[in-house]
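In the text below, chain A, chain B and the rest are named by the order of the sequence lines, each starting its count at 1.
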Number of protein chains: 2
Amino acid sequence: MPSMRPDASRIYRQYLSAVLLHSHASARACDLGATDLYALNILQLTGAMTPGELSARTGLTTGPTTRLIDRLEHAGYVRRVPDPGDRRKVTVEPVSEPADLDRVMAPARQRIGDILGGYTPEQLEVLFDYFTRATEAYRESAEQLRSE
Amino acid sequence: MPSMRPDASRIYRQYLSAVLLHSHASARACDLGATDLYALNILQLTGAMTPGELSARTGLTTGPTTRLIDRLEHAGYVRRVPDPGDRRKVTVEPVSEPADLDRVMAPARQRIGDILGGYTPEQLEVLFDYFTRATEAYRESAEQLRSE
DNA sequence: CCTAATCTCTTCTTCGAAGAAGAGAAATCT
DNA sequence: AGATTTCTCTTCTTCGAAGAAGAGATTAGG
């Protein structure tokens, strides 16, 4: 990060730490393992996919992936839908309203909502522009790490 | 999140997912366990603390915490410093430059740096104002989850 | 001073999740 | 139609990390 501010890097690092801290605390509060949350994020970000594809993305072999999906399905975060075109296949799709996770995330969502509510439309434009770009940047970087 | 945009919530959610995705991929690339990264984040965010305090913050008992610190120290992310005032105590402090993690995070940092470099000073003001406030919001929310 | 409290670390056991290998079902290709 | 490939799922084993209990060392209090 260039010299926009002397402490820009530090602020950003602490920001990331706080996000991760909260995410981990949320997972813990839901009795959700780290890999489970990771997979759930993949599904929410990328959309429905087959177990095989999820295996590839998580880096797990198919065995653990089956049981990972079992856990997520049992907890009500995803569901298995048979593929109409290919009856060997199953599609794993994220469920719209994951009850527990939503409840746990509510306080943070409230706080962030309050913060965002204090900005002008022009400022929000900037923020959401950043969110959109950063999403792509992190997704690409993660992809890059995965393929190394 | 109120009706600032119809897809605001979705954009923000995907943004968070991407951040977490990348973080998990980074941890994986460093052979760093989820709890290890979690603890490291606590230390980087809050600063040096005793193993007992780290135990409380991670929610672990003291046994696993000792070995968690062992792993982090061995990997070169933290170090133990004896407390001069109380010789029973040890202070665990994060090391300034964690080699592996830095290397793994470099591509993302580059991309984010490029994105931020494209904004005007006024826009950066808005972004860093958000980062600062959001850090506090997530930290408080995580604290709240921990104490439930 | 001597007891109680505090702090870290060690040991043992337990548990969850990952890997490996293969079975079973269905699609594809010759 | 038969053989091969492609999926998912099952079983068994292995491994890392968490919990419980207690030892050892140091400080604080009566």
Side-chain angles (χ1 to χ4, degrees), chain A residues 20 24-25 27-43 46 48-75 77-94 100 145-146, chain B residues 20 24-25 27-43 46 48-75 77-94 100 145-146:
Chain A
L20 298 178
H24 196 105
R28 198 180 186 83
C30 293
D31 280 317
L32 211 57
T35 311
D36 298 25
L37 183 63
Y38 180 52
L40 196 54
N41 273 319
I42 292 176
L43 286 167
T46 314
M49 64 185 68
T50 64
E53 199 175 343
L54 188 59
S55 288
R57 292 197 184 251
T58 52
L60 268 56
T61 52
T62 65
T65 302
T66 295
R67 304 209 316 206
L68 175 129
I69 298 170
D70 288 348
R71 288 194 299 272
L72 289 179
E73 188 172 37
H74 189 262
Y77 294 129
V78 305
R79 61 176 176 182
R80 285 182 169 93
V81 178
D83 186 315
D86 188 335
R87 279 189 298 192
R88 292 167 307 178
K89 289 187 180 175
V90 169
T91 303
V92 182
E93 58 184 31
D100 246 24
L145 284 176
R146 198 164 61 77
Chain B
L20 297 179
H24 196 104
R28 199 179 185 82
C30 292
D31 280 318
L32 212 57
T35 311
D36 297 25
L37 184 64
Y38 180 52
L40 197 53
N41 273 319
I42 293 175
L43 286 168
T46 315
M49 63 185 69
T50 64
E53 199 175 345
L54 188 59
S55 288
R57 291 199 184 248
T58 53
L60 270 55
T61 52
T62 65
T65 302
T66 296
R67 302 209 316 205
L68 176 127
I69 298 170
D70 288 347
R71 289 193 299 272
L72 289 179
E73 188 172 36
H74 189 263
Y77 293 129
V78 305
R79 63 176 174 181
R80 286 183 168 93
V81 178
D83 187 314
D86 188 335
R87 278 187 300 191
R88 289 167 309 177
K89 288 187 181 177
V90 169
T91 302
V92 182
E93 60 183 31
D100 247 22
L145 285 175
R146 198 164 62 76

Please classify the nucleic acid contact of [X] as base, sugar-phosphate, or nothing, using heavy-atom distances under 4.0 Å.
{"X": "B:Thr65", "result": "nothing"}
{"X": "A:Gly63", "result": "base"}
{"X": "B:Pro64", "result": "base"}

Pairs meeting criterion side chain to side chain donor-acceptor pair (under 3.5 Å) with involvement of residues 54-67 of chain B, two or more places apart
B:Ser55-B:Thr65
Applying side chain to side chain donor-acceptor pair (under 3.5 Å) as the test, list every pair that has at least one member in residues 28-39 of chain B; sequence neighbours left out.
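Only B:Asp36-B:Arg71 qualify under side chain to side chain donor-acceptor pair (under 3.5 Å).
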5' precedence on DNA chain C between A:Leu60 and B:Thr62 (nearest-nucleotide basis)
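Whichever sits nearer the 5' end wins; that is B:Thr62.
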5'-most contact on DNA chain C: A:Pro84 or A:Thr61, nearest heavy atom basis?
A:Thr61
Students should find that the nucleotides of DNA chain C closing off the region near chain A, any atom under 4.0 angstrom from a heavy atom, are C:dA17 to C:dA27
Side chains of [X] and [Y]: does their closest heavy-atom pair fall under 4.5 Å?
{"X": "A:Asp70", "Y": "A:Arg80", "value": "yes"}
{"X": "A:Leu54", "Y": "A:Leu68", "value": "yes"}
{"X": "B:Leu43", "Y": "B:Met49", "value": "yes"}
{"X": "B:Asn41", "Y": "A:His24", "value": "no"}

Test side-chain contact (heavy atoms from CB on, under 4.5 Å) applied to B:Ala75 - qualifying residues, sequence neighbours left out
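Per chain and number, B:Ala75 pairs via side-chain contact (heavy atoms from CB on, under 4.5 Å) with B:Tyr77.
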My understanding is that only residues two or more places apart in sequence, or in another chain, count here; which of them pass salt bridge (charged side-chain N to carboxylate O under 4.0 Å, His left out) with B:Asp83?
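So B:Asp83 forms no salt bridge (charged side-chain N to carboxylate O under 4.0 Å, His left out) with any residue.
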Using a cut-off of under 3.5 Å, enumerate the N/O to N/O pairs linking the protein to nucleotides 27-30 of chain D.
| unit_1 | atom_1 | unit_2 | atom_2 | d |
| --- | --- | --- | --- | --- |
| D:dT27 | OP1 | B:Arg87 | N | 3.4 |

